[in-house]
Amino acid sequence: MSADLNDTIIALATVPGRSALALLRISGPQSLEFLTRLCEARQWRERPRQARLTRLNDLQGGEIDRGLVTFFSAPHSYTGQDVVEISLHGSSWVCRKVLECALQSGLRLAGPGEFTQRAFLLGKMDLIQAEAVRDLIESETAFQARVARSQMEGALSRRLQPLKDELVKVISHMETALEFVEDQVEPEGREALTQRLLEAADFLAELEESFQVGRLLHEGITIALVGRPNVGKSSLFNALMSDERAIVTEIPGTTRDALRERVDLHGIPAQIVDTAGIRETREEVEKLGVERTLQMVAEADVSVFVVDGAEPFSDEDSRSWQAVEGRRPLLVVNKRDKGVSIELPERVEQGCIGRLEVSAASGEGVDRLRQELWRLAGGEEVAAGGEAALLTNVRQQGCVRECREALLEGLQGYRSGLSEEFALYDLRRALEALGRLTGEVTVEEILGEIFSTFCIGK
Ligand code: GDP
């Protein structure tokens, strides 16, 4: 992606195809010039940030559409440049025509995330906030959206600021000590500095820890339903899905698979896998079915072992148990409506993390099951730690870890009596890692990597 800010870029910010309305977005120095060629309305500079209904013409003066156009004058725009937003009818011909006119006028199509990249490069937001824009677009649950919004508003960046200030202060303190040897930091001073660095390291460790919740929010969890045929796995699967909590996405490529569905488990996105479907819908030979079940259980974060409460525990149950044995599954005794008479072998009772009696048919106990799955998924930690600013991706976690490790290395030498010079080297590395986290220190490839995961038009 070219980071040339002098190019004027254009993109469709809405999903292409037939729709009621579509939004085109333009950013760059030629925005206004193009707008004047395209629209009948004039005096955009005099009336920024006002939506105006105007006729849109092609370069020969032929009418394309009537649209609602807003001009944002630099620097008061999303990217910090002159920006134009055009709402028009969502016809593919209309959109294509405007894009054609734009290209003929010297604009170019924007790459993924290029608007947000410009906002970052022009200081409208830091890198953490830019990532949060992407997270918000991708959020599927209320909780994910809330965390993304608070990151966008700078919650994490604000949390990091005191740490940065502290590191800068410690560094300048040590530098002074080095420059003016007569001002050698006294032993007590050393002790105090060590204490401050230790506190900073603790803070970083806590922050790194928050990624556990962040990862959960981002990636969600997978829950596998395991049990012999006819215990009611599919019924349970449907019961867990049978309300508005099922997440339905229309993202191409995520066609709904009967075996896997996504639900919103009180804010945690969860994928439930019904291992019953393996054999039934794919007609694989039994052995392959068993292998697939084992694989799915291995990949799942939580497994649920389902038995039929009204039937004795059979050899078939026993074989299914082998797939989850050792993985501390949740035991679900189904068909409670028929009465619970099953006697479970001790290894099953002991090997499960908990036991719930439910009826997939009547829905009894399904809410408790959902609650329990939420808890097993780490819901309590999410609820406790989720409101604080947290790390939401591997890149952020990596920067924080590097920062902490550098800091600890510096501390080690410093505590053993080495000169400030050695500690300074490590502390500067720690500060640089923090700079990379927020994007003050940037590496071109990293930017490319981050922004390429965005949608076009954002
Ligand atoms: P699977 O093979 O484990 O997926 O089991 P199914 O979900 O296909 O269920 C097998 C049979 O048990 C079906 O006839 C269901 O209607 C029935 N069933 C499932 N759950 C319950 C339940 O809670 N109570 C009763 N009475 N029947 C159930």
Side-chain angles (χ1 to χ4, degrees), residues 221-243 245-248 255-263 265 270-325 327-345 347-349 351-374 376:
I221 60 153
T222 305
I223 299 166
L225 301 182
V226 180
R228 69 160 167 81
N230 278 323
V231 291
K233 294 181 296 300
S234 305
S235 310
L236 212 50
F237 180 80
N238 289 331
L240 283 167
M241 298 300 153
S242 70
D243 60 19
R245 276 167 278 209
I247 297 171
V248 182
T255 44
R256 284 150 62 100
D257 181 332
L259 307 177
R260 292 171 182 268
E261 288 281 3
R262 290 162 59 67
V263 279
L265 263 187
Q271 174 169 255
I272 303 193
V273 183
D274 176 9
T275 60
I278 296 171
R279 190 193 50 248
E280 289 166 11
T281 64
R282 306 219 170 155
E283 292 173 353
E284 281 161 334
V285 287
E286 188 83 4
K287 184 164 165 285
L288 220 58
V290 171
E291 271 171 19
R292 290 276 317 265
T293 304
L294 283 171
Q295 195 190 339
M296 283 183 169
V297 170
E299 285 168 6
D301 303 285
V302 175
S303 336
V304 177
F305 181 57
V306 190
V307 295
D308 181 338
E311 296 280 334
F313 192 84
S314 67
D315 287 348
E316 240 184 331
D317 283 312
S318 197
R319 276 199 296 279
S320 284
W321 168 251
Q322 285 169 12
V324 288
E325 191 164 21
R327 304 201 69 91
R328 307 284 296 157
L330 176 67
L331 174 66
V332 169
V333 179
N334 189 32
K335 308 197 188 179
R336 189 183 170 172
D337 54 298
K338 288 165 81 179
V340 175
S341 56
I342 192 169
E343 281 185 29
L344 293 159
R347 63 178 198 283
V348 175
E349 289 272 16
C352 289
I353 200 162
R355 171 190 171 124
L356 278 183
E357 291 181 4
V358 308
S359 166
S362 72
E364 191 190 348
V366 173
D367 263 338
R368 273 200 53 211
L369 172 59
R370 210 179 261 123
Q371 182 72 22
E372 195 56 22
L373 290 174
W374 172 80
L376 291 174

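Computed from a predicted structure; not experimentally measured. All heavy atoms count here, side chains included; hydrogens, waters and symmetry mates do not. In each ligand, atom 1 is the first atom listed, and ligand 1 is the first ligand listed.
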(message) Using the rule given for side-chain contact (heavy atoms from CB on, under 4.5 Å), can you reason through Arg355 versus Leu344, listing the C-alpha separation, both sets of side-chain angles and the distance that settles it, and then say yes or no?
(response) CA-CA 11 Å; Arg355 171 190 171 124; Leu344 293 159; 3.5 Å; yes
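For a threshold of 3.5 Å applied to N or O pairs, the pair formed by Asn334 and ligand 1 contains at least one separation below that value.
Counting heavy atoms closer than 4.0 Å to ligand 1, residue Val358 contributes nothing at all. Contact annotation: for Asn230 versus ligand 1, heavy atoms closer than 4.0 Å belong to both the backbone and the side chain.
The number of heavy atoms from other shown groups lying within 6.0 Å of CZ (Arg368) does not exceed 12. Heavy-atom contacts from other residues, nucleotides or ligands closer than 6.0 Å to CD of Glu299 number more than 12.
Taking every heavy atom of Asp337 and a limit of under 4.0 angstrom, the matching atoms of ligand 1 come to 22 (C), 23 (O), 24 (N), 25 (C), 26 (N). Of all atoms in ligand 1, listed by their number and element, those nearer than 4.0 Å to a heavy atom of Ser235 are 6 (P), 7 (O), 9 (O), 15 (C), 19 (C), 20 (N).
You'll find the side chain of Leu265 reaches within 4.5 Å of the side chain of Ile223, heavy atoms only. Residues Ile342 and Asp308 have side chains not in contact (no heavy-atom distance under 4.5 Å, counting atoms from C-beta outward).
Comparing Gly309, Ser234, Pro229 by heavy-atom distance to atom 8 (O) of ligand 1, the nearest is Ser234. Looking at Glu364, Lys335, Arg228, Lys233 and measuring to atom 11 (C) of ligand 1, the nearest heavy atom belongs to Lys335.
Using a 4.0 angstrom heavy-atom cutoff, Gly227 does not count as in contact with ligand 1.
Interatomic distance, NZ of Lys335 versus OG of Ser235, reported as 7.5 Å (0.5 Å rounding).
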